[in-house]
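First up is the structure itself, then whatever we jot down about it.
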Amino acid sequence: MQHIKPIHVVGGGLAGSEAAWQIASAGVPVVLHEMRPVQSTDAHRTDRLAELVCSNSFRSDDWEYNAVGLLHEEMRRAGSLIMASGDVHKLPAGGALAVDRDAFAEEVTRRLSDHPLITIERTEVAGLPPHEWESVVVATGPLTSAALSSAIGELTGEADLAFFDAIAPVIHRDSVDTTIAWFQSRYDKAGPAGTGADYLNCPMNREEYEAFIDALIAGEKTSFKEWEASTPYFDGCLPIEVMAERGRDTLRYGPMKPVGLDDPRTGRWPYAVVQLRQDNALGTLWNMVGFQTKLKHAEQVRIFRMIPGLQDAEFARLGGLHRNTFLNSPKLLDAALRLKAAPHLRFAGQITGVEGYVESAAIGLLAGRFAAAERRGHPCPPPPNTTALGALIGHITGGHITADDDDSGARSFQPMNINYGLLPDIEKPSTDADGKRLKGKERGRARKRAVSVRALADIDAWLAEVSLPASA
Ligand SMILES: Cc1cc2nc3c(=O)[nH]c(=O)nc-3n(C[C@H](O)[C@H](O)[C@H](O)COP(=O)(O)OP(=O)(O)OC[C@H]3O[C@@H](n4cnc5c(N)ncnc54)[C@H](O)[C@@H]3O)c2cc1C
């Protein structure tokens with residue numbers, strides 16, 4: 001094989017790890033620059049690559065009826081390192097794919113370290129990458145170090161790169177009162193690694209719920225610093241107290257919804273429920289599902305112990321607020337994720353304006369494939385927009401309609417999870433496989449399945465089209 005110059009990947013998180021793997025798998029050498037443990041972020045705790053900073057869930061694994069499940073499946077077919085490592089270390093979590101975070105990150109780190117074409121350098125890239133690097137994938141994530149984010153800001157002319165995310169608390173399992181809380185997945189759904197009894201459910205009656213909402217609204221919150229005050233939240237990651245302020249029933253229809261959960265003490269669905277999901281393989285730590293918060297730590301302990309079953313809860317980690325960083329990608333990036341102003345710089349992961357572990361890794365997968373194909377002189381068009389991968393990249397590089405010049409001065413491009421709304425519609429099937437006529441909701445479900453089936457056929461065709469010959 002002729003000598004090929006390396007591609008530099010900056011940031012060894014979900015996106016950077018996946019990008020490095022894809023590049024090396026295409027026969028191109030990679031230098032992966034990760035600043036931890038020399039320098040850490042506000043949310044990371046270890047020196048492992050692909051560390052999960054909050055929840056341990058990759059969300060639904062159902063490719064037929066759920067868009068993120070579909071994205072999982074497409075990534076598996078594209079040889080994703082993140083999906084392969086997640087599959088090896090999955091935990092029971094109903095219909096979701098949850099992973100043992102330590103074993104998962106260890107697996108990713110080991111596979112990358114063992115790859116003969118990958119060199120890992122533990123250094124902060126504290127400014128724009130040097131010109132001699134020629135081809136770079138920047139995947140430094142929502143907590144990009146200050147030196148690099150201000151250099152990117154200067155290069156792109158984007159002063160406004162930051163917003164906020166909040167993280168949920170984790171509880172020691174043996175401090176949960178299981179005479180009140182019970183194990184059950186919603187509607188007993190077993191999912192990829194579950195038993196149908198994977199969540200610990202803490203029930204509330206009406207009075208308990210109302211008192212809890214009052215406490216959330218009155219609870220003391222972390223105060224914003226001056227520059228943080230006007231930073232908007234991403235709607236998919238709202239703190240619970242902000243949801244409570246939006247309406248007294250908002251939580252009951254959101255993270256605290258009781259449907260499909262039968263309290264064994266009453267035989268009925270409770271008025272509201274708080275769900276805990278297993279967070280480590282040992283089963284000793286459980287996280288509060290959807291309970292991101294910016295309440296002060298002492299307030300979290302006081303208020304969350306009002307939840308029946310959690311009156312003696314011991315917290316392994318409390319919730320918190322963190323900065324996020326993302327580009328105005330529809331304006332700044334081309335269809336191959338290159339910065340229009342400096343095409344040797346390619347971006348991947350959350351910094352491109354996708355949201356979530358899986359989505360970040362998915363954009364890393366594409367950036368890695370684009371960079372490797374370019375290095376080897378082969379064309380690599382983006383996947384068609386009928387696929388989840390194609391729809392996601394389409395959203396950040398062109399699909400979103402920008403309204404950046406409106407009077408408010410706010411930019412309209414916001415981080416996005418994968419969802420069926422990003423994929424082109426398909427005619428709703430009117431009959432099922434046996435020719436039986438479908439009604440109302442059944443047709444909506446059948447439509448999702450039809451979109452997913454089309455997506456998998458199209459991703460297979462794309463993968464066949466862009467696969468590189470074995471040697472350069
Ligand atoms: C606090 C918080 C909680 C979140 N919770 C969830 C959640 O529960 N579920 C979910 O799906 N998504 C969550 N997200 C959103 C997002 O999906 C994750 O942050 C995801 O890890 C993003 O992947 P990434 O590869 O883009 O960035 P990361 O995984 O953060 O990786 C970026 C890497 O770059 C390194 N780095 C940064 N700057 C430099 C530099 N200058 N030089 C070298 N290395 C550098 C960092 O150390 C890090 O390892 C959360 C985000 C935050 C901030």
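Counting starts at 1 for both ligands and their atoms, following the listed order.
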Inset, instruction - Look only at the side chain of E121 and the backbone of T123, and say whether a donor-acceptor pair between them is shorter than 3.5 Å. - result: no
Inset, instruction - Under 4.0 Å, heavy atoms only, figure out whether ligand 1 is touched by the backbone of V53, its side chain, both or neither. - result: side chain
Legend entry - Any N/O pair L14/ligand 1 closer than 3.5 Å: yes
Inset, instruction - Kindly confirm or rule out an N or O of G356 lying under 3.5 angstrom from an N or O of ligand 1. - result: yes
Inset, instruction - Give a yes or no on whether the backbone of G219 and the side-chain of R302 come within a donor-acceptor separation of less than 3.5 Å. - result: no
Legend entry - Within the 6.0 Å centroid threshold, strictly below: Y357 and F104: no
Legend entry - Set of residues satisfying side-chain contact (heavy atoms from CB on, under 4.5 Å) with respect to A84, sequence neighbours excluded: R111
Inset, instruction - Classify the angle between the aromatic ring planes of H115 and W21 as parallel (below 30°), tilted (30 to 60°) or perpendicular (above 60°). - result: perpendicular
Inset, instruction - Can you sort out which atoms of ligand 1 are near A15, meaning under 4.0 Å from one of its heavy atoms? - result: 25 (O)
Inset, instruction - Determine whether any heavy atom of L49 lies closer than 4.0 Å to an atom of ligand 1. - result: no
Inset, instruction - Check each heavy atom of H44 against ligand 1 and say whether those closer than 4.0 Å belong to the side chain, the backbone, both or neither. - result: side chain
Inset, instruction - Looking only at distances, please establish whether an N/O atom of ligand 1 is found under 3.5 Å from an N/O atom of E51. - result: no
Legend entry - Region of S40 engaging ligand 1 - heavy atom pairs below 4.0 Å: neither
Inset, instruction - Look at atom 18 (C) of ligand 1 and find which of Q350, E18, R36 reaches it with the closest heavy atom. - result: Q350
Inset, instruction - Kindly identify the option in L52, V68, V358, T140 whose heavy atom sits closest to atom 32 (C) of ligand 1. - result: T140
Legend entry - Sub-3.5 Å N/O-N/O distance, P142 and ligand 1: no
Legend entry - Region of E124 that comes within reach of ligand 1 [heavy atoms, distance under 4.0 Å]: both
Legend entry - Option with minimal heavy-atom separation from atom 23 (O) of ligand 1, where the choices are G319, S360, A50: S360
Inset, instruction - Under the side-chain hydrogen bond (donor to acceptor under 3.5 Å, both in side chains) rule, collect the residues that match up with D61, sequence neighbours excluded. - result: H72, R76
Inset, instruction - Write down the atom of L117, the atom of A24, and the distance for their closest heavy-atom approach. - result: CD1-O, 3.5 Å
Inset, instruction - Look only at interatomic distance and state if S55 has a nitrogen or oxygen under 3.5 Å from any nitrogen or oxygen of ligand 1. - result: yes
Inset, instruction - Using a 4.5 Å cut-off on heavy atoms from C-beta on, say whether the side chain of V31 contacts that of I7. - result: no
